[in-house]
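Remarks on the structure that follows.
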There are 2 protein chains.
Amino acid sequence: MPSDDLENPNRPLTLKDVSEASGVSEMTVSRVLRNRGDVSEATREKVLEAAKSLGYVPNKIAGALASQRVNLVTVIIPSLKNLVFPEVLSGISEVLDDTPLQPVVGVTNYKPEREEKVLYEMLSWRPSGVIIAGLEHSDASRAMLTAAGIPIVEIMDSDGEPIDAMVGISHRRAGREMARAIVDAGYRKIGFLGTKMPLDHRARKRFEGFTEALAKAGLEIHDHEFYEGGSALLKGREMTEAILKRSPDLDFLYYSNDMIAAGGLLYCRDNGIEVPGRVGLAGFNGVELLDGLPVKLATMDACRAEIGREAAKIVAARAAGEEGGHERVVLTPTLQLGETLKR
Amino acid sequence: MPSDDLENPNRPLTLKDVSEASGVSEMTVSRVLRNRGDVSEATREKVLEAAKSLGYVPNKIAGALASQRVNLVTVIIPSLKNLVFPEVLSGISEVLDDTPLQPVVGVTNYKPEREEKVLYEMLSWRPSGVIIAGLEHSDASRAMLTAAGIPIVEIMDSDGEPIDAMVGISHRRAGREMARAIVDAGYRKIGFLGTKMPLDHRARKRFEGFTEALAKAGLEIHDHEFYEGGSALLKGREMTEAILKRSPDLDFLYYSNDMIAAGGLLYCRDNGIEVPGRVGLAGFNGVELLDGLPVKLATMDACRAEIGREAAKIVAARAAGEEGGHERVVLTPTLQLGETLKR
DNA sequence: TTGAAAGCGCTAACAG
DNA sequence: CTGTTAGCGCTTTCAA
C-alpha cells in the first residue's frame, strides 16, 4: 500500500510507490520498467515484482512530458460506417502493431469544420504523426498540419498536392478507366448514380474522370440520380427504380459505390431486368460484401488495406528517426469486370 | 516568432511564447485560452490575437499533468468491421459531443490478451472513464479496471456481474424469445447457423438461451453449421446450402447475425426455396443493410446506438462530478417478425 | 550499475 | 482582474 495514502487513499500509484516498495531509487525503477540501460538482474526482479504486486500502471502523461515523445499516431477519417475506412485502419494497425506506435482514430463525418476541431484536439496531444484521409482541408487545418513538425500522410487520393507525404489512388483515373471499359463494351446510354455529398471529393473526382472519358468518346451522361443518407443498399434499389422508370432507354448504370450498386443489382434481379444484357452495372470499391451477391458486380478495388499499410510504414520509418519527407505512393486499382459489364 | 528560437528553430510553441508576444503573463494567457476566471476584454483580445497569429496549439500533455484531468474516454470494442460497433460509437459520440469529453477507440479483435494490452496502454493515459464491450475479461483486465478509480461501463450485455456500471441487453433472453416465436409459429425442425468464434460471448449466450427455450418446448436444434472469417454474406449462402443439403427436412434456420442471414435469404431466393413457406429464417441485430433486401428478414434489434448513448451519459455524469456507481441499464430488444418467420 | 538534481509545459492556489 | 510560486510524475543528464 502506498505510504502517504493518508492524503488520498484512492490516488493512482506512482513510481515513488514502486520505489519505496522495492527499496530501489525511482530512477532505477523507471529504467527497469522501460528496459533502458543496464540494471542488475537482482534489482530488476525486485522492481518488477513490486510493480506487479502493487498493480502499478505508468503514467504516460508524465512520461510524455518529460521525454517529449508520444507514441500516438493520429488517424483522421470521414466515417466509420463506410466499411472502407475500417479496412484502411486494419492496414494501419497491422503495421503499427510491430512498432511502439499506437493509432488513435478521429472521425470527421465529412465536415471540414469537424476535421478542424478533431485535428486541433488530436494535435494538442503532440502525436508522432498524422494519417489523414483526403487532400482537401480547410486553410486552418492545413496550417496546423504544416506547423505540427511531424510526419503527415494524406491518404486515399493522389489527385492533388499533399502537405507532406501521400498514399492513394487516382480517383479521376479510376473514373476514366471505368468509362472506357463501359464504352468499349458497347454501352452508349449511360446513367450515373451517386451520393449527393458535395464534400466527398473522391467520389467527385471519379465522376469527373468518368464524364471526361465519356466526352472523349463523344458521349455524355444520359441521366443521373443522387442520394443522401439512409441505407445505401435500399437507396440503390430506389434510385435504380427511379432512374430506369424515368429513362427506360438507359443501357448502363455506374454507381459511385458498391453498396448502392448491389442494391441496384438486387432490384434488377427482382424485377426481371436482365443484367448485363438489358442494362449493365458497375460500382466502386471492391467491398467484401460483393462476394456474397448472386452475380459478380463490376467494380474497382480501391486498395484500402494497402493504403493503410503504406501510410503506416511511412510514419513508422520517420518516427524511428529515418530521414524522409514528401513520399508519394500512388497505387493502381484493378478493374474487375465481374458479370455485370459485358456483352 | 518565438524569442529563443536560436536553440531549436522548429520547436512547438509554448504558453511562454504567447505570453511574450502579447505582453501578458503566462497565467493569464492560460486563463484566456481556457475561458477560466475573469479576464478583461482588452487583455483577452491581445492574447487571442497573439495565440492565433503564432498558430499556438496548447500542449494537453502538460495541461493534463498539471491539472490531473484528462478529458479522454476510452472505448474498447472487439472489432470495427462488424457494423454493430461503429453504431455504438456513434451513440457515444452523439452524447460526448455536448461535453468536453472525447472518445478514444481501442480494438481487441475478440482476443483477451489484446484487450489486456490495449487496456493497459489506454489506462496509462489516465482517461476519465472506460466504456468496454462485454462482461467477460481476463483477471488482469478486471484488476486494472477495478484499480483505475474511474467510471467503468461494460456494454452490450447484461447477463453477468459488471465491475462497475453496465448498459446492455440480455442475449440469453433474446435467444429465448426468438426460439419461442419460432416454435409458436409452428416450426419444428430448427437449424442453427453461427460463428465459430468461441470468444463471442454474446453470440454464445444467444445460442444458450435459444436452445434452452427450445428444450422447454420439447425441441432440440436439429442441425447446425459454424463459420469463421471471410465475407459474412457469402458464408451465409454457403452454410445455408450446406445445411439444407445435409438436412433437407429443416423448416427453420436461425442465424447468429443478420449478415449471414441475409446471405441465406439470397441463397433461398436464387434457388427457388420458398421463404417462409418451405423454410423460415431469422437473424439478429437489425442492421441497416436489411432495409435493402427484397424481403424483410425476421430479426431482433440490439439497441446499439441507445447502448452507446446511455453508456456515454453515465461516464459524462460522473466526469462532471455527479456521484454514482453501479448503474444498471438493461434495454429490451424488440422482435421484428419481418416476412421470413410466419405461417 | 545506481542515484540526485533539474526540468518538460502547464495549472492550482494563493497573494496582490 | 493579474501575477507568483510550486508542483503534476516522469525522464534526461550528469555524477558517483
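Order of the sequence lines fixes the chain letters, A, B, ..., with proteins taken first and strands second; residue numbering starts at 1 for each chain.
- Without hydrogens or angle criteria, B:S67 side chain to B:G63 main chain gives a donor-acceptor distance under 3.5 Å.
- The interatomic distance linking A:K60 (NZ) with D:dT11 (C1') rounds to 14 Å, in whole Å.
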Are there any protein N/O atoms within less than 3.5 Å of an N/O atom in nucleotides 1-5 of chain D, and if so, which ones and at what distance?
unit_1	atom_1	unit_2	atom_2	d
D:dT2	OP1	B:S40	OG	3.1
D:dT2	OP1	B:T43	OG1	3.3
D:dT2	OP2	B:S40	N	2.9
D:dT2	OP2	B:T43	OG1	3.1
D:dG3	OP2	B:S25	N	3.2
D:dG3	OP2	B:S25	OG	2.9
D:dG3	OP2	B:T28	OG1	3.0
D:dG3	N7	B:R31	NH2	2.6
D:dG3	O6	B:R31	NH1	3.2
D:dG3	O6	B:R31	NH2	3.3

### Candidate pair A:E115 and A:H137, rule side chain to side chain contact (heavy atoms under 4.5 Å, CB included), full reasoning
CA-CA 8 Å; A:E115 176 175 283; A:H137 314 288; 2.7 Å; yes
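- Counting to the nearest Å, the P atom of D:dT11 and the NZ atom of A:K16 are 16 Å from each other.
- Spacing between atom CD of B:Q68 and atom C1' of D:dG9 amounts to 8 Å, rounded to whole angstrom units.
- In summary, B:E306 and B:R309 engage in a salt bridge, as defined by a charged side-chain N under 4.0 Å from a carboxylate O.
- For the side-chain hydrogen bond (donor to acceptor under 3.5 Å, both in side chains) test, no residue two or more places apart in sequence or in another chain qualifies with B:R69.
- Between B:E310 and B:K313, at least one side-chain nitrogen of the basic residue sits less than 4.0 Å from a carboxylate oxygen of the acidic one, meeting the salt-bridge criterion.
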Would you mind writing out the side-chain donor-acceptor pairs for residues 139-151 of chain B within the sub-3.5 Å range, not counting sequence neighbours?
unit_1	atom_1	unit_2	atom_2	d
B:S141	OG	B:S138	OG	3.0
B:T146	OG1	B:R142	O	2.6

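- One interatomic measurement links the two molecules: CG of A:L15 to P of D:dC10, which rounds to 4 Å at whole-angstrom precision.
- For the pair A:N59 CG and D:dG9 P, the computed distance is 7 Å after rounding to whole Å.
- The one candidate from B:R44, B:E45, B:K52 that meets the side-chain contact (heavy atoms from CB on, under 4.5 Å) condition with B:L48 is B:R44.
- Here chain B contacts DNA chain C (any atom closer than 4.0 Å to a heavy atom, that is under 4.0 Å), and the contacts span C:dG9 to C:dA13 from 5' to 3'.
- Remark: A:K46 pairs with A:V24, A:T43 by the side chain to side chain contact (heavy atoms under 4.5 Å, CB included) rule, at least two apart or across chains.
- Salt bridge status for A:K117 with B:D97: absent, with no side-chain N to carboxylate O gap under 4.0 Å.
- Looking at which nucleotide of DNA chain C each of B:R36 and B:A62 is closest to, the 5′-most match is held by B:A62.
- Side chain of A:N71 to backbone of A:L101: no donor-acceptor contact under 3.5 angstrom is found.
- For the residue pair B:R34 / B:S30, a side-chain donor-acceptor distance below 3.5 Å is found, with atom types taken as modelled.
- Bending across the helix from C:dT1-D:dA16 to C:dG16-D:dC1, expressed as the angle between its end axes from five pairs apiece, amounts to 30° (10° rounding).
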